[in-house]
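Heads up: the structure comes next, in structure tokens.
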Amino acid sequence: QVQLVESGGGLVQSGGTLRLSCAASGRTFSNYGISWFRQAPGKEREFVAAVSRSGLSILYADSVKGRFTISRDNSKNTVYLQMNSLKPEDTAVYYCAARTLVASSARWTEYPYWGQGTQVTVSS
């Protein structure tokens, strides 16, 4: 199986930027589609962005389109989430998740492998 470790979270002012990283180890990284989810206190886990195994297919939640960019570097076993124009409502714990199926999914229940999460806090 694959192990995932997120990093890059922190405290930033509204309008600021952060770049999250999801580093993978274990199985062949290019066999896994990777997605980012987030969960704010008292709210359900929600889909943020997904990148396919090849990196050619990308999905975004409407709430982050035009502000966030997901990318992957299979040579470094890492997926990135570049977050620009951050808003207070982006505050949450951000998780990366992996699955082996070709198609990406916005359903968190369809991902068997998860990182521990990284906190992102956006102040107004």
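Predicted model only: the values in this text are computed from it and were never measured. Note that the numbering runs from 1 along the sequence shown for the chain.
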Hphob cluster co-occupancy, Ile58 + Ile34, side-chain heavy atoms under 4.5 angstrom: yes

Roughly how far, to the nearest 0.5 Å, is OG1 of Thr69 from CG of Asn84? 6.5 Å

When rounded to the nearest 0.5 Å, the distance separating CG of Asn77 from OG1 of Thr28 is 8.5 Å

Is there a donor-acceptor pair closer than 3.5 Å between any side-chain N or O of Ser63 and the backbone N or O of Ala61? no

Please work out which of the three classes, parallel, tilted or perpendicular, describes the rings of Trp114 and Phe37, given edges at 30° and 60°. tilted

Just checking, Arg72 and Phe29: is the charged tip under 6.0 Å from the six-membered ring centre and within 45° of the axis? yes

Atom of Thr91, atom of Ala40 and distance for their closest heavy-atom approach: O-CB, 3.6 Å

Between Cys22 and Leu4 the two heavy atoms that sit nearest each other are SG-CD2, 4.0 Å

How far does CG of Leu59 sit from NZ of Lys65, to the nearest 0.5 angstrom? 8.5 Å

Test side chain to side chain contact (heavy atoms under 4.5 Å, CB included), reference Met83, set Thr17, Leu20, Val64, output is Leu20

Below 4.5 Å, heavy atoms only, C-beta onward: do Tyr94 and Trp36 meet side chain to side chain? yes

Other residues, nucleotides, ligands: >12 heavy atoms within 6.0 Å of Gln116 CD: yes

Walk me through whether Phe68 and Gln82 qualify under side chain to side chain contact (heavy atoms under 4.5 Å, CB included). CA-CA 5 Å; Phe68 291 10; Gln82 178 68 41; over 6 Å; no

Does the Arg53 side chain pair with the main chain of Gly33, one donor and one acceptor, at a distance under 3.5 Å? no

Compute whether any side-chain donor of one residue and acceptor of the other, for Thr118 and Glu6, lie under 3.5 angstrom apart. no

Measuring from Glu89:CD to Ser14:OG, what's the distance to the nearest 0.5 Å? 7.5 Å

Grab the two heavy atoms, one from Val93 and one from Gln119, that are nearest each other, plus how far apart they are. CG2-OE1, 3.2 Å

Looking only at atom types and distance, does a side-chain atom of Tyr60 sit under 3.5 Å from a main-chain N or O of Ile70, one as donor and one as acceptor? yes

Could you measure the distance from the CG atom of Leu11 to the CG atom of Leu18? Nearest 0.5 Å is fine. 9.0 Å

Look at the side chain of Ser52 and the backbone N and O of Ser57, then say whether any donor-acceptor pair between them is shorter than 3.5 Å. yes

Between Leu86 and Val12 the two heavy atoms that sit nearest each other are CD1-CG1, 3.6 Å

Quick check: closest heavy atoms across Asn74 and Ser30, and the distance to 0.1 Å? ND2-CB, 3.7 Å

Do Arg99 and Tyr32 form a cation-pi contact, if we require the NZ or CZ to be under 6.0 Å from the six-membered ring centre and within 45 degrees of the ring's axis? no

Between Tyr80 and Arg19: side-chain donor-acceptor atoms closer than 3.5 Å: no

If we only count heavy atoms from C-beta on, is the Arg38 to Lys43 side-chain gap below 4.5 Å? no

Can you name the nearest heavy-atom pair linking Val51 to Ser104, along with the distance? C-OG, 4.1 Å

Do Tyr111 and Ser105 pair up side chain to side chain, a donor and an acceptor below 3.5 Å, judged on atom types alone? no

When rounded to the nearest 0.5 Å, the distance separating OH of Tyr95 from CD of Gln39 is 5.5 Å

Would you call Leu101 and Glu110 a side-chain contact if the rule is heavy atoms closer than 4.5 Å? no

